[in-house]
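Quick notes on the structure that follows.
By convention here, the first residue in the shown sequence is residue 1.
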Amino acid sequence: MNLLECLVGLALSLMLVAPLIKNSGELISKQIQQEKSQSLSVEADRALELMGRAIRMAGYRNAQSFNKSAKKDYSANEYIQIERHRGYQGSDSLLVKHEISRGVDFDCIGNALSKERTKNNLAHQGFLVERQASASKGMKVNGGSLICQSLDRQGRIQNTTLMNGVNHLSFEALPASIGKAFRIKLVMTDGGFIHREFERTFVTRNLL
């Protein structure tokens, strides 16, 4: 076999192998995107459930409070507040207030609620989206950070990052026959080609 025959054989081999390499690369790329998409979905479900739990708790008052005639009576707007276009990419923010029960309640980062973690006898749970603190200016980021606001043992506001990859967050009040209904829209991104929107509706249990 001379050099020319070797070159021809090599060229023919490359023509046969090239499509296989291309298909393998595309398959790996799609698999990576699928895994990223599933990860974003899991994170979104967790975040929506935390926000939904807070909305359901909004305005809760324990039985002991109703027995105190001097107890301040807050309006529904005090118990649940939405601030438009406050955060990253024009995202909305949510602040929920409620009393604590005699059982074991948790805030949005898993701290057991106690009297020390209240202000004016009300626990605070807030959600907003901020630019990733760890990202320097000019650096490409995969969305913003979802922040949980709660109270520490001294009753001071503390911010804790729940997750990254949030492109936009919005809250919309809806009419409901019982309670107050809120639609949450959460847009997740990997900073590249994946943009997924998740939507859930939650109804308060303690506000009319």
Heavy-atom closest contact (L207 atom, A58 atom, distance): CG-O, 3.7 Å
Audit row: Q158, N111, side chain to side chain contact (heavy atoms under 4.5 Å, CB included) steps and yes/no: CA-CA 12 Å; Q158 61 180 0; N111 290 322; 3.6 Å; yes
Verdict with reasoning, L128 to Y88, per side chain to side chain contact (heavy atoms under 4.5 Å, CB included): CA-CA 8 Å; L128 65 151; Y88 177 80; over 6 Å; no
Distance in Å, F106 CZ paired with S150 OG, rounded so as to fall on 0.5 Å steps: 13.5 Å
Pair H168, E197: side-chain N/O donor-acceptor within cut-off below 3.5 Å: no
Under 3.5 Å donor-acceptor, E99 side chain and N62 backbone: yes
Side chains of V187 and F198 in contact at under 4.5 Å (non-hydrogen atoms): no
Distance (rounded to the nearest 0.5 Å) between S170 OG and H85 NE2: 9.5 Å
Contacts of D105 that satisfy salt bridge (charged side-chain N to carboxylate O under 4.0 Å, His left out) - sequence neighbours left out: none
K185 bridged to E172 by N-O distance under 4.0 Å: no
Polar side-chain atom of N164 near backbone of G143 as donor-acceptor pair, under 3.5 Å: no
R56 side chain near N206 side chain, heavy-atom distance below 4.5 Å: no
From CG (L95) to CD (Q81), nearest 0.5 Å: 5.0 Å
S114 and E116 side chains, donor-acceptor separation under 3.5 Å: yes
L174 vs F182 side-chain heavy atoms within contact, under 4.5 Å: no
Short side-chain donor-acceptor distance under 3.5 Å, Q132 and S145: no
Those residues that, when tested against D152, pass salt bridge (charged side-chain N to carboxylate O under 4.0 Å, His left out) (two or more places apart): R156
Non-hydrogen atoms of S41 and R196 that approach each other most closely: CB-NH1, 3.6 Å
Between CD1 on residue I157 and NE2 on residue H124, distance to nearest 0.5 Å: 6.5 Å
Stepwise side chain to side chain contact (heavy atoms under 4.5 Å, CB included) test for I55 and V203: CA-CA 7 Å; I55 288 173; V203 180; over 6 Å; no
Any donor-acceptor pair under 3.5 Å from N159 side chain to Q149 backbone: no
Close side-chain approach of Y60 and I100, heavy atoms under 4.5 Å: no
Atom pair CG/NE2 of D190 and H195 - distance to nearest 0.5 Å: 7.0 Å
Under 3.5 Å: donor-acceptor pair, side chain of R84, backbone of F171: yes
R117 vs R153 side-chain heavy atoms within contact, under 4.5 Å: yes
Short side-chain to backbone donor-acceptor contact, T204 and K180, under 3.5 Å: yes
L40 and Q38, any side-chain heavy atoms less than 4.5 Å apart: no
Nearest heavy atoms of G126 and C108, plus distance in Å: O-SG, 4.3 Å
Residue from T160, L186, L50, V166 passing side chain to side chain contact (heavy atoms under 4.5 Å, CB included) with L146: V166
Non-hydrogen atoms of Y79 and R61 that approach each other most closely: OH-CD, 3.4 Å
Within-4.5 Å side-chain heavy-atom neighbours: V129 and I147: no
Least distance between heavy atoms, L113 atom then H98 atom: CD1-CE1, 3.7 Å
Nearest-0.5 Å distance, CG of residue D107 to CE of residue M57: 11.0 Å
Check ion pair R46-E49 (N to O, under 4.0 angstrom): no
Heavy-atom pair with the smallest gap, counting every atom of R200 and L48: CG-CD1, 3.5 Å
Stepwise side chain to side chain contact (heavy atoms under 4.5 Å, CB included) test for L151 and Q125: CA-CA 8 Å; L151 300 177; Q125 296 191 68; over 6 Å; no
Test item: side-chain donor near acceptor, S91 and R86, under 3.5 Å: no
Polar side-chain atom of T161 near backbone of M163 as donor-acceptor pair, under 3.5 Å: no
Residue pair T189 / I194, side-chain heavy-atom distance below 4.5 Å: no
